[in-house]
Asks: 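Have a look at the structure that comes next, please.
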There are 2 protein chains.
Amino acid sequence: MFGRCTVEYDGRAASSLGAGNRLLILKPDGTALVHTDEQRTPVNWQPPGSEHRAAVRDGRLRVRSVRENPDERLDVRFDRVEQVSALPVTGGRSVDVYGSEEDLRHRILDEPELVEPGFEPAATERATAAGPVDVFGHDDEGRPVVVELKRRRVGPDAAGQLGRYVEALARELPDGTEVRGVLVAPSVTDRAGELLAEKGLSHVPLSPPASSTTPSGDGRGSTTAPERSTDADDGAD
Amino acid sequence: MFGRCTVEYDGRAASSLGAGNRLLILKPDGTALVHTDEQRTPVNWQPPGSEHRAAVRDGRLRVRSVRENPDERLDVRFDRVEQVSALPVTGGRSVDVYGSEEDLRHRILDEPELVEPGFEPAATERATAAGPVDVFGHDDEGRPVVVELKRRRVGPDAAGQLGRYVEALARELPDGTEVRGVLVAPSVTDRAGELLAEKGLSHVPLSPPASSTTPSGDGRGSTTAPERSTDADDGAD
DNA sequence: GCCTAGGTCCCGTCC
DNA sequence: GGACGGGGCCTAGGC
């Protein structure tokens with residue numbers, strides 16, 4: 001729907017939006033989106049699982065979307081409706097994304113020496129008191145190693161996360177066991193690097209594979225994919 | 001636009017979506033959104049700042065959206081276009097949200113005793129080597145206190161964040177200065193609670209103000225009508 | 001430009 | 001249901 005409306009939201013937070021022309025999208029799964037002409041993020045919304053209702057109040061259309069847990073309500077009141085469309089969506093609803101953290105894990109399980117020579121993976125998602133460890137294994141001297149994977153450049157939070165896992169594991173292993181921690185990520189910020197150093201953790205610069213296939217080959221360091229010569233022509237206006 | 005299309009994305013990651021009817025939204029700020037009939041998150045997109053182009057290739061419409069830094073490209077190829085609309089958006093594009101972390105900060109600056117009796121705020125966003133501290137102050141015995149605010153229930157990450165601030169501040173103050181850390185949030189998870197205990201940090205259960213009605217002197221310019229007598233009528237179907 | 005952290009984050013997964 | 005962590009997170013604010 002498109003038209004002049006006001007939008008009121010109340011739930012986890014609350015907001016109010018004055019009159020203006022906006023696009024309201026109502027999905028059959030209970031999603032509601034209010035979009036203006038800027039930003040990727042809707043100016044107001046309701047997550048899937050909400051219930052949409054429409055009613056006419058004082059001669060105006062009001063669309064209300066409500067959900068529970070948490071209790072939230074979105075009200076869109078229209079002065080004037082410019083357009084309404086019912087669109088029959090078909091086909092795939094999700095995509096497989098290549099270049100995820102999972103792809104990075106596969107890359108490492110295929111070539112453990114990418115972490116370091118002699119590294120031997122033993123488990124993925126190994127449970128600890130602090131949560132599951134991405135890759136758990138042993139180094140060339142048999143010491144336990146916790147590997148935390150990130151698909152992109154990381155900040156202090158990732159260093160903290162790895163530190164928590166290492167500490168949790170050290171606590172659950174026999175007293176005195178030295179547990180090493182390795183952060184595998186394309187790069188780290190300065191502050192994250194300092195934190196890693198403080199905690200005695202290390203960083204291995206490594207990116208997810210550039211494409212879904214070919215676990216070997218370069219990480220997506222700088223240059224773009226050379227192939228994909230698909231239609232080299234540029235589009236008109 | 002709505003029609004049968006395929007979608008290819010390549011950039012920070014990569015994805016491919018087979019043919020189907022979807023909604024494509026192109027915004028003048030360079031945003032592109034591809035929505036199916038499920039989920040709040042678009043199945044594919046391009047962030048603001050991208051450049052949209054359209055061209056006909058092999059008798060089919062292709063919409064391409066490209067941006068740089070990072071290099072990313074989204075291609076939507078249409079078999080068939082069911083509908084095209086140009087919608088004149090007007091009016092407000094953003095909302096003031098009530099119940100944010102900022103509101104929680106105002107609440108505490110107005111009533112510091114909510115943190116603890118005798119607490120005296122000294123600064124907000126105080127800079128440390130680990131980043132800015134939400135609220136910095138002193139307790140009834142003059143000890144420095146770091147207050148970290150969260151608008152909702154928090155997990156282990158928030159405990160780690162507060163821990164980093166406390167440690168950074170302890171390092172920059174004279175040797176031996178005891179720095180206290182207080183996490184102000186509606187509630188904490190079990191694991192976060194354990195982490196806080198380990199680090200000698202404490203938790204004060206407190207939420208952002210329920211309504212926009214900031215209790216006395218709001219720092220925010222405007223305030224909406226506080227009551228909002230919710231129209232008691234329920235909508236028809 | 002990068003870094004840092006908030007968000008009505010959304011979302012899947014596993015307990 | 002809650003908890004936990006990933007995400008092409010997005011977005012704002014500093015430096």
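Chain A is the first sequence line, chain B the second, and so forth, proteins listed ahead of strands; every chain is numbered from 1. Source: prediction; values computed, not measured. We use all heavy atoms of the structure for the numbers below, so side chains are in, but hydrogens, waters and symmetry mates are not.
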Asks: Does OP1 or OP2 of C:dG7 have a side-chain N or O of B:Tyr98 closer than 4.0 Å?
Replies: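 Negative; the distance criterion is not met.
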
Asks: If each of A:Glu148 and A:Arg152 is mapped to the nucleotide of DNA chain D with the nearest heavy atom, which maps nearer the 5' terminus, i.e. the 5' end?
Replies: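 With A:Glu148 and A:Arg152 compared, the 5'-side residue is A:Glu148.
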
Asks: As a test of reading the structure: which of C:dT8, D:dC10, D:dG6 is closest to the side chain of A:Gln161, going by heavy atoms?
Replies: D:dG6

Asks: Hey, does B:Ser15 reach any base, or is it just sugar-phosphate, or nothing, if we go heavy atoms under 4.0 Å?
Replies: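 Here B:Ser15 touches no strand at all.
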
Asks: Write down the atom of A:Glu148, the atom of A:Leu162, and the distance for their closest heavy-atom approach.
Replies: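 Closest approach of A:Glu148 to A:Leu162: CB-CD1, 3.9 Å.
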
Asks: With a 3.5 angstrom cut-off on both distances, give the Watson-Crick or G-U wobble partner of D:dA12, or none if there isn't one.
Replies: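 Answer to the pairing question: C:dT4, which forms a Watson-Crick or G-U pair with D:dA12.
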
Asks: To the nearest Å, how far apart are A:Arg12 CZ and C:dT8 C1'?
Replies: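 Roughly 4 Å, once rounded to whole Å.
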
Asks: How about A:Thr6 and A:Phe78: do any of their side-chain heavy atoms sit closer than 4.5 Å?
Replies: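 Contact flag for A:Thr6/A:Phe78 side chains = no.
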
Asks: Please state whether the base of D:dG8 and the side chain of B:Glu72 form at least one donor-acceptor pair under 3.5 Å?
Replies: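 Flag set: donor-acceptor pair detected.
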
Asks: To the nearest Å, how far apart are B:Arg126 CZ and D:dG14 P?
Replies: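 Rounding to the nearest Å, CZ of B:Arg126 and P of D:dG14 are 17 Å apart.
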
Asks: In this structure, how many angstroms lie between the P atom of C:dA5 and the CZ atom of B:Arg105, rounded?
Replies: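 It works out to 15 Å between those atoms.
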
Asks: If you count the non-hydrogen atoms of other residues, nucleotides and ligands that lie under 6.0 Å from CD in B:Glu125, is the total more than 12?
Replies: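 Check passes, neighbour count above 12.
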
Asks: Nearest to the B:Pro156 side chain among D:dC4, C:dA5, D:dG8, which nucleotide is it?
Replies: D:dC4

Asks: Minimum heavy-atom separation for A:Arg22 to B:Gly91, with atom names?
Replies: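 Looks like NH2-C, 3.7 Å.
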
Asks: Evaluate the side-chain hydrogen bond (donor to acceptor under 3.5 Å, both in side chains) criterion for residues A:Lys27 and A:Gln46: first the C-alpha distance (whole Å), next the side-chain angles of each, then the deciding distance (0.1 Å), finally the verdict.
Replies: CA-CA 10 Å; A:Lys27 298 193 181 191; A:Gln46 201 72 303; over 6 Å; no

Asks: From C-beta outward on A:Thr189, which listed nucleotide comes closest to its side chain: C:dT8, C:dC3, D:dC4?
Replies: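 The closest nucleotide is C:dC3.
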
Asks: Nearest of D:dA3, D:dG7, D:dC10 to any side-chain atom of B:Pro47?
Replies: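 Per side-chain heavy atoms of B:Pro47, the pick is D:dC10.
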
Asks: Between D:dG6 atom P and A:Leu149 atom CG, what is the distance in whole Å?
Replies: 9 Å

Asks: Work out how far the P atom of C:dC11 is from that of D:dT11, and round it to whole angstrom.
Replies: 15 Å

Asks: Return the 5'-most residue of the pair A:Arg153, B:Lys150 with respect to DNA chain C, ranking by each residue's nearest nucleotide.
Replies: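 Nearest-nucleotide comparison on DNA chain C picks A:Arg153.
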
Asks: What residues, two or more places apart in sequence or in another chain, satisfy side-chain hydrogen bond (donor to acceptor under 3.5 Å, both in side chains) together with B:Arg153?
Replies: B:Ser187

Asks: Taking the same atom, C1', in C:dG7 and in D:dG7, what whole-Å distance lies between them?
Replies: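 Between the two C1' atoms, the distance is 14 Å.
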
Asks: A:Pro208 and A:Gly99: which non-hydrogen atoms are nearest, and at how many Å?
Replies: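 So the minimum-distance heavy-atom pair works out to CG-O, 3.5 Å.
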
Asks: Whole angstroms only, please: what is the CD-P distance between A:Gln46 and C:dC9?
Replies: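 These atoms are roughly 12 Å apart.
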
Asks: In terms of side-chain heavy atoms of A:Glu101, which of D:dG8, C:dT8, D:dG6 is nearest?
Replies: D:dG6

Asks: Could you list the protein-to-nucleotides 13-15 of chain C atom pairs, N/O on both sides, closer than 3.5 Å?
Replies:
none

Asks: Hey, is B:Arg77 close enough to B:Asp75 for a salt bridge, meaning N to O under 4.0 Å?
Replies: yes

Asks: Just to be sure I understand the rule, does B:Ala130 reach a base, reach only the sugar-phosphate, or reach nothing, if contact means heavy atoms closer than 4.0 Å?
Replies: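 Here B:Ala130 touches the backbone only, sparing every base.
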
Asks: Between B:Arg164 and C:dA5, is there a side-chain N or O to OP1/OP2 distance below 4.0 Å?
Replies: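 For C:dA5, OP1 or OP2 has a side-chain N or O of B:Arg164 closer than 4.0 Å.
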
Asks: Starting from the 5' end of DNA chain D, give me the residue, A:Asn69 or A:Gly131, whose nearest nucleotide shows up first.
Replies: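 Counting from the 5' end, the first nearest nucleotide belongs to A:Asn69.
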
Asks: Checking A:Thr124 against A:Asp134: is there a side-chain donor and acceptor pair closer than 3.5 Å?
Replies: no

Asks: When the distance from CG of B:Asp29 to C1' of D:dA12 is rounded to whole Å, what number comes out?
Replies: 15 Å

Asks: Classify A:Pro48 by what it touches in the nucleic acid, base, sugar-phosphate, or nothing, heavy-atom distance under 4.0 Å.
Replies: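 Answer is sugar-phosphate: A:Pro48 comes under 4.0 Å of backbone atoms only.
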
Asks: For a quick test of reading the model: is some side-chain N or O of B:Tyr165 closer than 4.0 Å to OP1 or OP2 of C:dT4?
Replies: no

Asks: Examine the base of D:dG13 for any acceptor or donor lying under 3.5 Å from a partner atom in the side chain of B:Glu125, and report the outcome as yes or no.
Replies: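 Per atom types, no contact qualifies.
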
Asks: If you take all heavy atoms of A:Ala159 and A:Leu201, which pair is closest and at what distance?
Replies: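 The answer is O-CD1, 4.1 Å.
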
Asks: Starting at atom CG of B:Asp75, determine the distance to atom P of D:dG8, rounded to an integer number of angstrom.
Replies: 19 Å

Asks: Flag the pair B:Val34 / B:Pro42 as yes when at least one side-chain heavy-atom distance between them is below 4.5 Å, and no otherwise.
Replies: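 Sidechains of B:Pro42 and B:Val34: no contact.
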
Asks: Check the distance between C:dT4's P and B:Asp134's CG and give it to me in whole angstrom.
Replies: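 Going from CG in B:Asp134 over to P in C:dT4 covers 16 Å.
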
Asks: Using a 4.0 Å cut-off on heavy atoms, which residues in residues 32-45 of chain B reach DNA chain D? List them by number, or say none.
Replies: B:Asn44, B:Trp45

Asks: How do A:Val188 and B:Arg151 order along DNA chain C: which one's closest nucleotide is nearer the 5' end?
Replies: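 In this pair, the answer is A:Val188.
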
Asks: Does the side chain of B:Glu51 come within less than 4.5 Å of B:Glu68's, by heavy atoms?
Replies: no

